[in-house]
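This report concerns only the one structure given below.
Start at 1 and go down the list; that is how both ligands and their atoms are numbered. Residue numbers run from 1 in the order of the sequence given. In this text, all values refer to a predicted model and were calculated from it rather than measured experimentally.
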Amino acid sequence: MTRARITIDRDFTIADVPRRLFGSFVEHMGRCVYTGIYEPGHPTADDRGYRKDVLELVRELGPTVVRYPGGNFVSGYLWEDGIGPVAERPRRIDGAWHTIETNEFGLHEFMGWAREADVEVMEAINLGTRGVEEARALVEYANHPGGTYWSDLRRRNGAEDPFDIKLWCLGNELDGPWQIGHKTAHEYGRLAQETAKAMKLVDDSIELIAVGSSNRYMETFGSWEHTVLTHAYDEIDYISMHEYYQERSGDAASFLAEAVGMDAFIDGVVATIDAVKAAGKHTKQVDISFDEWNVWYAEGLDSADQIHQVKKEWREHPRLIEDEYSVTDAVVVGTLLNSLLRHGDRVRIANQAQLVNVIAPIRSEEGGSAWRQTIFWPFARMAALARGQILRLAVSADQIATEKFGDVDVIDAAATWSEADGRVALFVANRGLSEASEVSVDLRGLGAARVVSAEVLTIPEGGDRHTSNVESAPDAVGLVPLTGVGVQDGTVHLTLPPLSWAVVELEVAVS
Ligand code: AHR
């Protein structure tokens, strides 16, 4: 048995919970759109082709904002292809994913779906093959009320009211040599600055996200952010971060500690933003949009084989990187969400990539069913229960040794406190693979507590740490009650099973 102590004090807060932290991502990639959120002819499809079974799961997952339409896809995408009469839309080659894009689904279809799903739209523009002109035209098309060329075209295409999209990504991963239209930091920084300026001249209420590094192992990480921010600081509102995590060579201990790496990555980008702010004598604060993160077995056979197979022929919506997530992956996702929440003062937007089928919490089969992957659960519970203020926790825990990060705390935790509801939500993972962890939570200054709910995701009976949810067994891994949670003299006691992620909701009486 390992031990940990968490001290919570309502006076030690980090920031309000940014609701946009629980974002997701829909890319025209693989089967995320086609046969994912959209499949006319599916038994559950509505008259616009939206799959209602998938929509129900999306509502249950609870993303607040969804990034669209890519991803690598957007760097070769012509947004005008996806508007107007569907029969007249061109079929195009998508070089990013070696796919035929029919353009049957475009901006209007996505806006309609987003309304059904009750999510904010975060639109990415193409700064790979395009530039200032196409970007400002798109803002005019989407957000201008009417009486101009592009806004009237939108109205003729069936949307009388403006879409009023507030969040815009200035391209995608342009630091990456794989990206169509890859640029140096100087080339991108200047383009982002001028594009941002022109877009805000059309609508000054929009918020803009400049492209940061594709991950922290990029050779240009750090200097890329510094250069881009130096050019565009005054025009942008956020800089992006992307990172995917995976277990390598069976080193589960290091994989389970990846939130330590995410913490360090975020701290590094915050330091770079603040250095540019100070040197440039800027007064406003640029924040972070961590707009792609997840577990992705990018180097695993699964993903690589799929892409290799696909490259043999041009197909519509091929099966791409449909990773099947395990108990271990769900615990890691829980800790990554904790890291994002702990940095909620500066990470104000985050998007798990992606939403359906492609490295996703929701899976669906063409003509078949839809189900929740293991990683669905930590996201859904945190999106539902994180409310009010993020608490700054003091954690004192037994250590476990990892090859990648040295000794790390055996538990990983984050918590929120909503004064309005009188509720504390605690999200805590046990990284230990073989030992349970006894955790005590001292609720200083929050008075007597009552446990409202306590749930845990862990290895199911008869399963192991690799167990996942599949079409034939969609509920193999889920949340079960965490038993034995007790409160004594202002301290909550809980025992976390080995390899687990738990959520405990407490009602507190502020003293
Ligand atoms: O989410 C899958 C891909 O990962 C995205 O298209 C790209 O931005 C990233 O490299």
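The nearest heavy-atom contact from the protein to atom 10 (O) of ligand 1 is Glu173 OE1, 2.7 Å. The protein heavy atom nearest to atom 6 (O) of ligand 1 is Glu27 OE1, 2.6 Å. Scanning the protein heavy atoms around atom 1 (O) of ligand 1, the nearest turns out to be Tyr244 OH, 2.8 Å.
Taking the six-membered ring for Trp and the full ring otherwise, His28 and Tyr68 have centroids separated by under 6.0 Å. Between His108 and Phe163, a ring centre-to-centre spacing shorter than 6.0 Å is recorded.
The side chain of Asn172, and not its backbone, has at least one atom closer than 4.0 Å to an atom of ligand 1 (non-hydrogen atoms only; side chain from C-beta on). The part of Trp296 lying near ligand 1 is the side chain, judged by heavy-atom distances below 4.0 Å.
In this structure, Trp501 and Phe427 have parallel ring planes: the angle between them is below the 30° cut-off, well short of the 60° mark.
Not a single N or O atom of His242, backbone or side chain, sits closer than 3.5 Å to an N or O atom of ligand 1.
Those atoms of ligand 1 with a heavy atom of Trp97 less than 4.0 angstrom away are 3 (C), 6 (O).
No side-chain donor-acceptor contact under 3.5 Å links Arg387 to the backbone of Val17.
Relative to the ring axis of Phe25, Arg67 places its NZ or CZ within 45° and under 6.0 Å from the centre.
Between the choices Met29, Gln354, Glu292, His28, the shortest heavy-atom distance to atom 4 (O) of ligand 1 belongs to Glu292.
Dense packing is recorded around CG of Asp16, with more than 12 heavy atoms of other residues, nucleotides or ligands lying under 6.0 Å away.
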